[in-house]
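Report on the structure given below.
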Amino acid sequence: MVRIGDLRRWNADGLDEAIDELKQRQDRLVQLDDELADSGRPREWHGEAADSAAAEHAKLGERLRELVLEISTVRTTTIATADEVRAISTELAELDALARAQHFSIADDGSVDDLGTPPGIPEDEVRSVNEDRYRRVRPDLTERVRLLVARADDADGELAKVLGDADEDLMDTRGAKTLADAAALGDARGIGETIEPPPPGDPAHNAEWWKSLPAETRSALAAAPPPWLGNMDGIPASVRHTANVNRIDDERATLQAEAGRLRSAANERHPGPGGDLVRSRYQRELDQVEAKLTSLDNVEKVLEQGNRQLLTLDTSGERTKAAVGIGDVDTAEHVTVFTPGMDSNVEGGSLGDYDRSMDLLAQDAQAQSDQYGDGGEVAAVTWLGYEAPQLSETLDPSDSVASSAPAKRGAEDLADFYRGINESRADDPNLVAMGHSYGSTTTGYALQEEGTGVDAALTMGSPGVGTPNPDKINVPDGQLYNLESKWDAVADLGRFGGDPSWKPGIDDLSTGDAVAPDGQRLKESSWHGTGGPTGYLTRGNTSQYNASVIAAGIPDRAVDRWG
């Protein structure tokens with residue numbers, strides 16, 4: 001931690017000299033781009049020696065790009081640090097002047113020392129002046145010193161982190177093809193390392209903060225966003241995706257280190273009558289961490305499909321939470337957010353199963369939009385941003401599928417996720433909320449909040465939407481739909497506000513054998529737990545068709561349950 005005495009010795013001019021030197025070195029290296037390209041293997045050179053030389057040339061090129069990235073990042077960060085050093089020095093001088101005026105002094109350790117009553121104070125005013133100095137002035141100076149030291153600590157820590165990453169070769173060139181690309185990426189990363197996150201706020205405040213940034217700052221953050229941007233509702237999906245993808249390796253390294261620590265602890269001897277309990281506790285924690293490592297692998301497998309956006313990545317709870325979009329959530333005219341229910345999780349493969357279902361749904365909705373709708377692009381999100389109840393984890397009643405608590409907890413984040421999509425865009429998409437089973441209950445609670453911006457909602461196999469009164473679901477009139485397959489026992493429970501299929505104000509759509517308006521023959525939807533991750537989303541059946549036209553914004557083409 002820096003001290004006031006350190007701040008008095010800080011010299012921004014020395015940083016300016018370093019900035020100039022780094023710029024010269026960066027420019028000299030970038031000028032090697034053409035030479036590097038020309039020094040590759042001649043076309044006519046073949047054989048083992050040629051392959052070996054080409055491999056070494058590729059290594060040299062990558063190392064040069066790493067050097068340019070490191071120099072550029074350090075330089076950009078140092079520029080910001082120099083500006084901060086000047087601002088801190090100016091503020092410290094002002095504090096010193098204010099302290100002297102009130103006959104205090106600020107010591108090198110940050111303490112505010114009293115130099116006695118200021119000279120020239122009339123005797124009858126000494127007591128009141130000193131009371132004001134002790135009650136108001138001294139505490140104010142002490143607090144301002146504390147804030148200044150904290151600000152200096154932040155600046156010092158940011159530069160130290162960048163220097164450490166450069167020294168340990170921890171900076172990823174992320175596919176930069178040229179030395180100039182690496183320099184630009186370094187400039188962006190330097191800005192991202194030094195910019196301060198906004199105060200905690202709702203999606204509207206996050207979006208307002210983002211849009212208030214200068215265009216060049218937004219561009220830099222989009223290229224190399226800091227990790228904290230990844231889960232901020234109200235930030236563009238493309239920026240969140242880049243931030244979250246870039247975090248995966250760091251998250252994995254942190255979890256692997258924790259797994260190593262827990263594995264060692266679990267394997268140690270723990271003598272005494274409680275030894276077995278201690279080992280079992282470490283083993284449970286290890287299992288949880290290893291499940292999170294598996295979840296990161298599953299997220300990467302989904303992203304490998306292409307055309308995906310990682311909009312949420314959170315390993316801080318008992319289980320990993322994630323949300324993956326298909327298509328471009330920033331620009332699509334139609335965006336569907338699907339929330340799965342009981343036993344869904346990232347580590348067990350549910351994310352991949354639902355992603356495949358949502359991919360087919362998005363394809364079919366796009367076909368419907370192109371042929372019968374407005375032709376707008378369709379995007380679909382699998383939202384596992386909450387810890388859904390697991391049948392294998394029923395010891396805690398508050399986490400049980402029989403309890404509304406997990407749904408209510410998830411609903412708060414889901415509502416903000418909806419709001420964030422609308423707030424992050426210049427135009428509002430046709431935003432559709434879908435939920436299956438317990439996920440429909442979470443969806444229902446989320447839609448009881450104001451201002452989510454959801455334009456239509458569809459529940460599938462729902463045990464209830466958290467209220468017996470559909471009027472409390474905040475979607476436009478006539479835009480609340482339900483799907484219930486024959487013999488779906490979960491849907492018939494109606495535990496969380498009653499069975500939606502029998503409520504006025506909810507349009508009950510068909511799940512049986514049917515013929516679509518275009519003549520397509522549709523099959524009866526299988527019941528709650530068969531036919532893939534959910535029978536409601538099996539391609540070619542009536543419920544999946546109905547979901548696709550709702551997603552495309554053409555509900556008039558849906559097949560109604562009652563004809």
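Note: hydrogens, waters and symmetry copies are ignored here, and every other heavy atom, side chains too, is used. Please read these numbers as outputs of a predicted model, since none were measured by experiment.
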Could you pull out the closest heavy-atom pair between [X] and [Y], with the gap in Å?
X      : Y      : value
Leu29  : Leu179 : O-CD1, 3.0 Å
Asp328 : Asp330 : OD1-N, 2.9 Å
Ser369 : Asp374 : OG-OD1, 3.3 Å
Ser72  : Ala183 : OG-O, 2.7 Å
Met171 : Val162 : CE-O, 3.5 Å
Ala182 : Arg65  : CB-O, 3.4 Å

Taking atom types as modelled, find out whether [X] and [Y] have a side-chain donor-acceptor pair closer than 3.5 angstrom.
X      : Y      : answer
Gln390 : Asn345 : yes
Glu158 : Thr81  : no
Asp20  : Gln24  : no
Thr77  : Glu193 : no

Intermediate values then yes/no, salt bridge (charged side-chain N to carboxylate O under 4.0 Å, His left out), Glu143 and Arg146: CA-CA 5 Å; Glu143 176 63 10; Arg146 185 189 68 80; 2.6 Å; yes
So, the side chain of Asn246 versus the backbone of Thr242: is there a donor-acceptor pair under 3.5 Å, distance only? yes
Say whether, by atom type as modelled, one donor and one acceptor occur between the side chain of Asp233 and the main chain of Pro203 under 3.5 angstrom. no
Could you walk me through whether Asp370 and Gln366 satisfy the side-chain hydrogen bond (donor to acceptor under 3.5 Å, both in side chains) test, starting with their C-alpha distance in whole Å, then the side-chain angles of each, then the deciding distance to 0.1 Å, before giving a yes or no? CA-CA 6 Å; Asp370 291 341; Gln366 188 67 64; 3.0 Å; yes
What distance separates Leu262 CG from Leu255 CG, expressed to the nearest 0.5 Å? 10.5 Å
State the CG-CG distance between Asp355 and Leu361, to the nearest 0.5 angstrom. 11.5 Å
Got a sec: does the [atom1] of [X] have more than 12 other heavy atoms crowding it under 6.0 Å?
X      : atom1 : value
Arg218 : CZ    : yes
Lys301 : NZ    : no
Lys211 : NZ    : yes

Residue set satisfying side chain to side chain contact (heavy atoms under 4.5 Å, CB included) with Asp427, at least two apart, ordered chain then number -> Arg425
Report the residues that fulfil side chain to side chain contact (heavy atoms under 4.5 Å, CB included) with Ala223, sequence neighbours left out, ordered by chain and then residue number. Ala188
Within 45° of the six-membered ring axis of Phe104 and under 6.0 Å from that ring's centre, is NZ or CZ of Arg133 located there? yes
One thing to verify: whether [Y] and [X] come together as a salt bridge, which I'm taking to mean a side-chain N less than 4.0 angstrom from a carboxylate O.
X      : Y      : result
Arg63  : Glu70  : yes
Asp154 : Arg151 : no
Arg9   : Asp6   : yes

Which of Thr254, Ile248, Asp250 passes side chain to side chain contact (heavy atoms under 4.5 Å, CB included) with Arg252? It is Ile248
Could you tell me whether the side chain of Asn206 reaches within less than 4.5 Å of the side chain of Glu423, counting heavy atoms only? no
Does any part of the side chain of Glu251, heavy atoms only, come nearer than 4.5 Å to the side chain of Thr320, both counted from C-beta? no
Begin with the C-alpha distance, continue with both residues' side-chain angles, and end with the deciding distance and a verdict on side-chain hydrogen bond (donor to acceptor under 3.5 Å, both in side chains) for Gln283 and Asp287. CA-CA 6 Å; Gln283 186 60 51; Asp287 292 343; 2.9 Å; yes
Could you please spell out the steps behind the salt bridge (charged side-chain N to carboxylate O under 4.0 Å, His left out) verdict for Glu290 and Arg263? CA-CA 10 Å; Glu290 289 182 334; Arg263 192 174 294 109; 2.8 Å; yes
Could you list the donor-acceptor pairs under 3.5 angstrom formed between side-chain atoms of residues 376-388 and any protein atom two or more places apart in sequence or on another chain?
| unit_1 | atom_1 | unit_2 | atom_2 | d |
| --- | --- | --- | --- | --- |
| Tyr386 | OH | Pro340 | O | 2.7 |
| Glu387 | OE2 | Glu318 | N | 3.0 |
| Glu387 | OE2 | Arg319 | N | 3.4 |
| Glu387 | OE2 | Lys321 | NZ | 3.4 |

